[in-house]
Amino acid sequence: MNATKKTNRVAAGIDLGTTFSVVAYCDGQSAPRVLANSVGKQATPSVVCFKKGEILVGQEAKDEQEFGNPNVASFFKRHMGDSTFAFSDGSKSYSATELSAFLLKKLKEDAEAQLGEKITDAIITVPAYFNHFQREATLAAARDAGLNPLRAINEPTAAALAFGIRASESTAGKKYLVYDLGGGTFDVSIIAIDAEEIRVLATEGDHLLGGKDWDDRILRYVADRFRDETGLDLFADVETLNEALVRAERAKTELSARVETKITVASQGQKVSAPITRALFEELSSDLFERTSDLCTAALRSCSPPLTWNDLEGIILVGGSTRMPAVAEFMEAKSGKPVLTGVNVDEAVALGAALQASADLAAEDPQYELESAERRRRLKMSESHLVRMQESYLWRMPQLADVCSHTLGMIAENDDRSKYVNSAILKKNSPIPSQDTKRHKLNVGVAENPELEVYLLQGEHERPLDNVVLGKYVFSGFETGGAKEIQVDVTYSYDRNGVVDVAAAQVGSARSLTRRVEPVPDDMSWTDGAPKDLTTKFTGNLSIVFVVDVSTSMFGRAINKARASFLSFIEKFDLKTTKIGVVRFSDKSQIVQKPTNSMKLLKRAASKIRIAPFRLGIANAAVPLDDALRCFPEPRVKVDRSSLVKYSSKKLRDLAFARSSSDDRRFIVVLTDGRWLWRDRAVKQAKLCAAQGIDIVAIGFGAADKRFLEEISTLDEGALFTDLSRLEESFSTIAQTIKGIE
Ligand code: AMP
């Protein structure tokens with residue numbers, strides 16, 4: 001008999017993945033199983049397509065993406081909880097939560113068709129590093145899809161459950177490393193078992209490292225062979241490049257089953273076949289394996305106290321890319337510990353979630369509990385049977401702690417306003433769900449529309465940065481009535497999913513405040529300085545246009561790094577006084593975004609920093625500085641064009657500043673990996689910018705020409721030649737330079 005059915009409640013476990021999602025079900029009596037989707041597949045692509053008023057989800061949406069339909073949303077899991085993200089189908093915008101809800105609805109319907117019953121409840125898995133905003137967004141998506149979310153559990157915990165790891169007195173103290181290598185991301189978690197629960201001790205990862213990088217290695221190898229044999233550049237032709245990528249991935253998966261295969265590529269009327277052995281493939285990708293192992297050691301080291309490989313019981317592999325035989329071999333050699341096998345690496349997370357879902361339902365429903373007790377008595381007759389059976393998880397499922405495990409607070413000024421401190425609101429070990437309010441003074445100075453920035457801290461230390469900064473909430477809409485100081489009640493609440501909510505109300509005002517959720521800036525070092533004096537206004541403004549190379553040589557990691565660097569670059573500026581714009585170029589140049597103060601628009605512009613073969617071409621023929629210049633309002637300094645020839649960009653810049661009295665500063669930041677055609681025109685345009693007082697900084701890597709970068713940059717240290725792994729760092733330096741000049 002099915003116990004879950006008696007209650008009319010049926011619970012599923014859902015692995016809501018970045019590229020694929022999987023649904024599993026456990027009736028509480030037999031082993032959990034994956035429910036196939038409507039096209040008979042275990043995994044459903046996490047892709048949503050908007051087509052003529054219809055919403056397609058899963059494989060159909062993925063097919064549309066492959067046909068080149070631009071109204072296809074994918075990878076939206078990366079934006080969960082980010083209120084500034086929006087996907088637009090041209091007529092309507094959707095948040096990552098809404099997109100996830102469409103996906104979950106489809107997963108629910110397909111699973112119901114398989115099961116022949118309505119699914120009412122679900123456990124959704126989330127990456128261990130998800131903060132409460134991301135968890136909250138995931139739970140909201142489940143509710144929108146018509147599911148009662150029992151809770152969100154961590155992906156590595158779910159995987160461990162599926163591998164038969166359970167919390168008990170006999171397993172307490174054991175630790176495992178969960179190595180999750182998917183298509184585009186790598187996550188490593190260290191989990192610890194105690195008598196009652198499975199805890200995640202530490203997580204590390206690289207969200208730009210995944211199976212795609214291994215495909216890339218094969219692609220590069222075959223492109224080299226193609227060039228050797230034909231003298232032609234395989235990357236010159238976008239369509240065949242895409243085809244070659246598909247073949248590279250296929251060759252990679254074939255090498256998981258055999259020790260040798262062949263890859264054939266054709267382009268520009270030429271065809272080349274290259275044999276590739278597993279050994280060669282492993283050699284070509286050995287540095288990628290090393291990178292994963294470095295992240296594993298970093299995770300071990302960041303546990304408190306720090307751990308070594310020796311402290312582990314074993315390694316759990318999750319994610320499609322761990323099918324490469326080298327992963328298990330490499331990890332076994334590195335750790336000296338066994339790699340656990342026996343569970344499908346694509347299904348482990350969903351199966352674990354299904355087990356937990358069934359257990360949660362049992363715990364919530366008295367009728368189910370009676371049955372559970374009966375079953376437990378039956379099973380207890382044989383201890384070994386109990387251990388063998390997967391149902392044994394049900395009575396030893398990890399419990400979520402019923403107290404908050406950390407103090408939650410916010411960054412506030414201390415009483416004499418000499419420094420920033422962590423002002424605790426919800427104390428460690430308060431029972432959850434719980435809620436508490438604390439009154440704060442807000443020094444509004446001369447600001448017309450003051451905003452209260454609440455940085456949510458987790459931890460007990462007085463110095464803000466010794467704690468984890470969980471999130472940033474910005475409240476506005478205060479009534480100041482000319483006062484320099486107002487009072488605000490800030491309320492924190494904490495629910496059983498570990499989801500924290502922050503609310504604020506102005507004391508003595510009936511007006512409700514507007515709340516905005518913003519990403520936590522990378523650079524929080526200001527909290528170590530003295531609080532700002534708000535009685536003087538900052539008047540200088542900054543405009544920056546980011547000019548980015550999107551030609552096909554940037555394909556893969558380079559373009560992803562460029563996007564990530566841009567995103568961390570914009571975080572470094574105060575958008576109240578800084579406007580940022582984006583120009584992208586390959587054979588054509590295009591203004592993606594005129595300088596704006598809106599983080600939302602900038603995030604949208606960031607999503608356009610990608611190879612755009614259908615709109616732009618493939619070579620660096622454009623002179624994007626024309627467009628960059630057009631992004632600024634009318635020239636502030638009149639230019640004598642004859643002076644352009646005489647002087648260097650740097651000299652012209654100095655002349656321009658000598659003539660300009662404005663506090664405002666304007667910058668163009670160029671990022672390129674190639675050699676530009678029309679170099680002379682570009683240098684001339686750079687001089688024109690300089691003569692108008694616009695500074696140019698240029699960052700190059702790969703095949704970029706350092707001399708050329710120096711020629712177009714207007715600052716002494718304005719040309720930086722770097723490599724991909726240090727790109728973000730270089731952008732940080734540039735941001736500092738720009739801010740220093742500001
Ligand atoms: P996931 O994101 O966990 O679904 O993993 C997808 C990644 O796993 C993709 O990069 C696939 O190419 C890779 N993958 C799937 N099957 C295999 C296989 N048999 N050998 C190597 N990689 C695989």
Side-chain angles (χ1 to χ4, degrees), residues 4 9-26 32 34-35 37 42-48 57-58 75-82 95-112 115 118-162 178 180 182 185 187 189 198 200 318-319 346-361 363-364 397-398 400 495-499:
T4 329
R9 285 173 70 181
V10 176
I14 303 182
D15 170 5
L16 192 61
T18 311
T19 46
F20 284 98
S21 296
V22 181
V23 184
Y25 171 71
C26 174
V34 166
L35 300 173
N37 64 19
Q42 314 290 89
T44 301
S46 304
V47 182
V48 176
V57 180
F75 295 102
F76 40 85
K77 179 171 172 179
R78 294 194 175 153
H79 303 283
M80 288 304 268
D82 175 358
S95 67
T97 304
E98 286 171 309
L99 296 169
S100 303
F102 293 136
L103 172 59
L104 282 165
K105 195 156 176 280
K106 162 82 172 156
L107 294 171
K108 175 180 185 290
E109 285 164 4
D110 281 8
E112 285 170 345
L115 204 58
K118 286 271 171 232
I119 295 174
T120 53
D121 298 67
I123 283 205
I124 321 270
T125 59
V126 290
Y129 59 81
F130 255 27
N131 65 26
H132 67 282
F133 297 120
Q134 295 164 305
R135 287 166 196 261
E136 191 180 44
T138 307
L139 297 171
R143 280 188 286 269
D144 291 350
L147 286 163
N148 169 41
L150 292 163
R151 59 166 117 164
I153 65 169
N154 293 323
E155 287 162 8
T157 304
L161 293 172
V178 183
D180 182 351
T185 57
D187 289 302
S189 314
I198 298 179
V200 177
V318 186
D346 298 316
E347 298 174 356
V349 171
L351 293 173
L355 282 163
Q356 179 74 64
S358 171
D360 273 11
L361 216 52
E364 276 191 15
M397 290 310 282
L400 256 196
D495 76 11
R496 79 174 197 128
N497 290 302
V499 172

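Computed over heavy atoms, backbone and side chain alike; hydrogens, waters and symmetry mates excluded.
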Can you sort out the partners of [X] under side chain to side chain donor-acceptor pair (under 3.5 Å), two or more places apart, ordered by chain and number?
X      : answer
Thr44  : Asn37
Lys108 : Glu112
Asn148 : Asp121
Ser95  : Glu98

- Task: Mark yes or no for whether Ser100, through its side chain, and Ala96, through its backbone, hold a donor-acceptor pair below 3.5 Å.
- Result: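 Yes; judged by distance alone, with no hydrogens or angles, the pair exists.
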Side-chain donor/acceptor of Thr97 to backbone N/O of Ala141, under 3.5 Å: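 Checked: no pair found.
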At what distance, to the nearest 0.5 angstrom, does [atom1] of [X] lie from [atom2] of [Y]?
X      : Y      : atom1 : atom2 : value
Leu104 : Arg143 : CG    : CZ    : 12.0 Å
Ile124 : Leu107 : CD1   : CG    : 8.5 Å
Lys118 : Glu109 : NZ    : CD    : 7.5 Å
Arg135 : Thr138 : CZ    : OG1   : 8.5 Å
Leu16  : Thr125 : CG    : OG1   : 7.0 Å

State, to 0.1 Å, how close [X] and [Y] come at their nearest heavy-atom pair, and which atoms those are.
X      : Y      : value
Asp144 : Ala101 : CB-CB, 3.6 Å
Ala354 : Pro32  : CB-CB, 4.2 Å
Val200 : Asn154 : CG2-ND2, 3.5 Å
Cys26  : Leu355 : SG-CD2, 4.0 Å
Ala152 : Leu139 : N-CD2, 3.9 Å
Gly352 : Leu161 : O-CD1, 3.8 Å

- Message: Please determine whether side chain to side chain contact (heavy atoms under 4.5 Å, CB included) holds for the pair Val349 and Val22, giving the CA-CA distance in whole Å, both sets of side-chain angles, and the decisive distance to 0.1 Å.
- Response: CA-CA 8 Å; Val349 171; Val22 181; over 6 Å; no
Residues in side-chain contact (heavy atoms from CB on, under 4.5 Å) with [X], at least two apart?
X      : result
Thr18  : Phe75, Lys77, Arg78
Asp180 : Glu155, Asp187, Val318
Asp346 : Arg323, Asn344
Ser46  : Ser21, Leu103

Can you list the residues that meet the ring-ring contact (aromatic ring centres under 6.0 Å, His included) rule with Phe76, with sequence neighbours excluded?
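Partners of Phe76 under the ring-ring contact (aromatic ring centres under 6.0 Å, His included) test: none.
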Side chain proximity check, [X] to [Y], heavy atoms < 4.5 angstrom:
X      : Y      : value
Leu35  : Asp110 : no
Asp360 : Arg151 : yes
Ile14  : Ile123 : no

_Glu347: which residues meet the salt bridge (charged side-chain N to carboxylate O under 4.0 Å, His left out) condition with it, sequence neighbours left out?_
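Partners of Glu347 by the salt bridge (charged side-chain N to carboxylate O under 4.0 Å, His left out) criterion come out as none, since no residue qualifies.
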